[in-house]
Amino acid sequence: MDRIAITGGARLEGEIPISGAKNSAIKLMAASLLTEEPLRLTNMPRLADTRFLGRLLQRLGVEVAESEGADGPETLLTTPEIVSGFAPYDLVRQMRASFNVLGPLLARSGQAKVSLPGGCTIGARPVDLHLKALETLGAKIDLHEGYVYAQAPRGLKGGQIDFPFVSVGATEHTLLAAVLADGETVMTNSACEPEITDLADCLNKMGAKVTGAGTPTIRIEGVSRLSGATHAVLPDRIETGTYALAAAMAGGEVRLTKTRSDFIQALIDKMVEAGVDVTSHADGLTVKRGGGRLKAVELTTDPYPGFATDLQAQFMALMTLAEGESVIRETIFENRFMHAPELRRLGADISVQGGEARVRGVAALEGAQVMATDLRASVSLVIAGLAARGETVVNRVYHLDRGFERLEEKLGACGAQVRRLKGDGAEEVE
Ligand code: EPZ
């Protein structure tokens, strides 16, 4: 297994172009199941997760062709017919978002057998809201031996779905099914994340009739068929926020391009409060930090437009060196502080109780061997390593590869001392 070694202390100076959003790309790819015509996705990130979903889609009947277009990486997805409605456990377990093929399979071919995803390191992550929404659309759902057997032989029907709490996945999954349902679907208390708007925009280009995406109430007028389309994946706001925090941690001046600062306004507000200089511009933002110490700030994660849970670990890394005590509350996932003990290995002073972490800033961190536990936790360790004395080695880098494209290259271009160590597998033993 590969590892990442970071030698701390280098200031970052330069420019980092942001890639297309992983969490949008994988839902957009699933939308290709809804039509026999080609869906061309541009600004595609090349990540372990997109490759992985591509392989699952191929088993279901999607032809997947990757190429380099005028504006960067593209993926062309064409599904002449659904050849299988079966998504096995091994595939869904490895990437939960694979579960989202259920809705489109059901909408296009009237049946599907998809494994339940199970929990993961950040929480139990049930899919009850997804299943309830599909039932409201008329699907017959049975659960046997860890699988969802779903049927809608006469097609899905529009319905009224009131989500009891905000779920990004359930909102997207319902959208992916309701676009081909007969009649109108209204979803209330929907998630408002930019990735939802991106999915709705793409579906509308394919001929769907979706209004209200980006607000809590989304209306979908079902259509009988969808066509192909070309759609550019929106910029990755979590990658944007991560590099903004990396620049703040290491010091220096970094310009993040091909992105949008408004997607991370809640983060920018907290960075400014902590003493980081952030300037927005037309194609992104510039993050600047001089030599002074940052101030500790409090934050609570929330659904968009609140502070993103996917940036909580990275912000905690920044707070390890801030002056004072920072209180960080995680409200989205029940077990999302797995990075805290690893940050402590670098010398951070963090205590966790339930959904609240207290970070008392220390004067310096010291490099050490640390273990990545999930995607965003791993990158928080890289950020900490940028400012730690000596060398930090992050093990289990496959987590990082799921969601950060060419991380060493992007940070390295700004002067960071980050290199990949090719593993011999020895450290895979737990
Ligand atoms: C998406 O997960 C993202 N993943 C996550 O990013 C992100 O952290 C999360 O949204 C919140 O922003 C993808 O887009 C692939 P939710 P999702 O449904 O859709 C509970 C990353 O690192 N819930 O909004 O799974 C759930 O357990 C990942 O890129 C139910 O109880 O998140 C959680 O506590 C990690 N029942 C809360 O709702 C359900 O049926 C919010 O989850 C669905 C969710």
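Note that the numbering runs from 1 along the sequence shown for the chain. In each ligand, atom 1 is the first atom listed, and ligand 1 is the first ligand listed.
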Mind checking whether [X] and [Y] have side chains closer than 4.5 Å, heavy atoms only?
| X | Y | result |
| --- | --- | --- |
| Leu131 | Leu102 | yes |
| Gln160 | Thr188 | yes |
| Leu321 | Leu365 | yes |
| Leu105 | Gln111 | no |
| Leu245 | Leu267 | yes |

Can you list the atoms of ligand 1 that are under 4.0 Å from a heavy atom of [X]?
| X | answer |
| --- | --- |
| Lys22 | 21 (C), 29 (O) |
| Arg336 | 8 (O), 22 (O), 35 (C) |
| Val127 | 39 (C), 40 (O) |
| Gly169 | 18 (O), 19 (O) |
| Ile122 | 35 (C) |

Taking the minimum heavy-atom distance to [atom], which of [options] ranks first?
| atom | options | value |
| --- | --- | --- |
| atom 33 (C) of ligand 1 | Asp374, Asn335, Ile332, Asp310 | Ile332 |
| atom 22 (O) of ligand 1 | Arg376, Met95, Lys132, Lys27 | Arg376 |
| atom 36 (N) of ligand 1 | Thr171, Asp128, Leu129 | Asp128 |

Using heavy atoms and a threshold below 4.0 Å, how should the contact between Tyr304 and ligand 1 be classified: side chain, backbone, both, or neither?
neither
Check each heavy atom of Arg96 against ligand 1 and say whether those closer than 4.0 Å belong to the side chain, the backbone, both or neither.
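Neither part.
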Identify all side-chain donor-acceptor contacts of residues 330-337 below 3.5 Å with residues at least two apart in sequence or on another chain.
from, atom 1, to, atom 2, distance (Å)
Glu330, OE1, Thr309, OG1, 3.0
Glu330, OE1, Gln312, NE2, 3.0
Glu330, OE2, Thr301, OG1, 3.4
Glu330, OE2, Thr309, OG1, 3.0
Glu330, OE2, Ile332, N, 2.9
Glu330, OE2, Phe333, N, 3.0
Thr331, OG1, Thr301, O, 2.6
Glu334, OE2, Ala124, N, 2.7
Asn335, ND2, Thr121, O, 2.9
Arg336, NH1, Thr309, O, 3.4
Arg336, NH1, Thr309, OG1, 2.8
Arg336, NH1, Asp310, OD1, 2.7
Arg336, NH2, Asp310, OD1, 3.0

Measure the distance from [atom] to every protein heavy atom, then report the residue, atom name and distance (to 0.1 Å) of the closest one.
| atom | value |
| --- | --- |
| atom 17 (P) of ligand 1 | Arg125 NH2, 3.7 Å |
| atom 18 (O) of ligand 1 | Ser167 OG, 2.6 Å |
| atom 23 (N) of ligand 1 | Phe165 CE1, 3.7 Å |
| atom 11 (C) of ligand 1 | Thr309 CG2, 3.8 Å |
| atom 32 (O) of ligand 1 | Phe333 CZ, 3.9 Å |

Below 3.5 angstrom, do we get any N/O pair linking [X] and ligand 1?
| X | answer |
| --- | --- |
| Glu334 | no |
| Asn23 | yes |
| Pro126 | yes |
| Ala170 | no |
| Val168 | yes |

Is it true that, when you exclude Arg219 itself, more than 12 heavy atoms of the residues, nucleotides or ligands shown sit nearer than 6.0 Å to its CZ?
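Result for CZ/Arg219: open.
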When you measure from the centre of the six-membered ring of Phe99, is the NZ or CZ of Arg96 closer than 6.0 Å and no more than 45° off the axis?
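Verdict for Phe99: no cation-pi partner in Arg96.
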Result of checking Gln265, Arg329, Lys270 against Phe307 for side chain to side chain contact (heavy atoms under 4.5 Å, CB included):
Lys270
Could you list the residues that satisfy side-chain contact (heavy atoms from CB on, under 4.5 Å) with Arg237, not counting sequence neighbours?
Glu193, Pro194, Glu195, Phe263, Ile264, Tyr304, Ala308
For the pair Tyr147 and Phe86, name the ring-plane relationship: parallel under 30°, tilted 30 to 60°, perpendicular over 60°.
tilted
How long is the straight-line distance from NE2 of His399 back to OG1 of Thr373, given to the nearest 0.5 Å?
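Here the interatomic distance stands at 6.5 Å.
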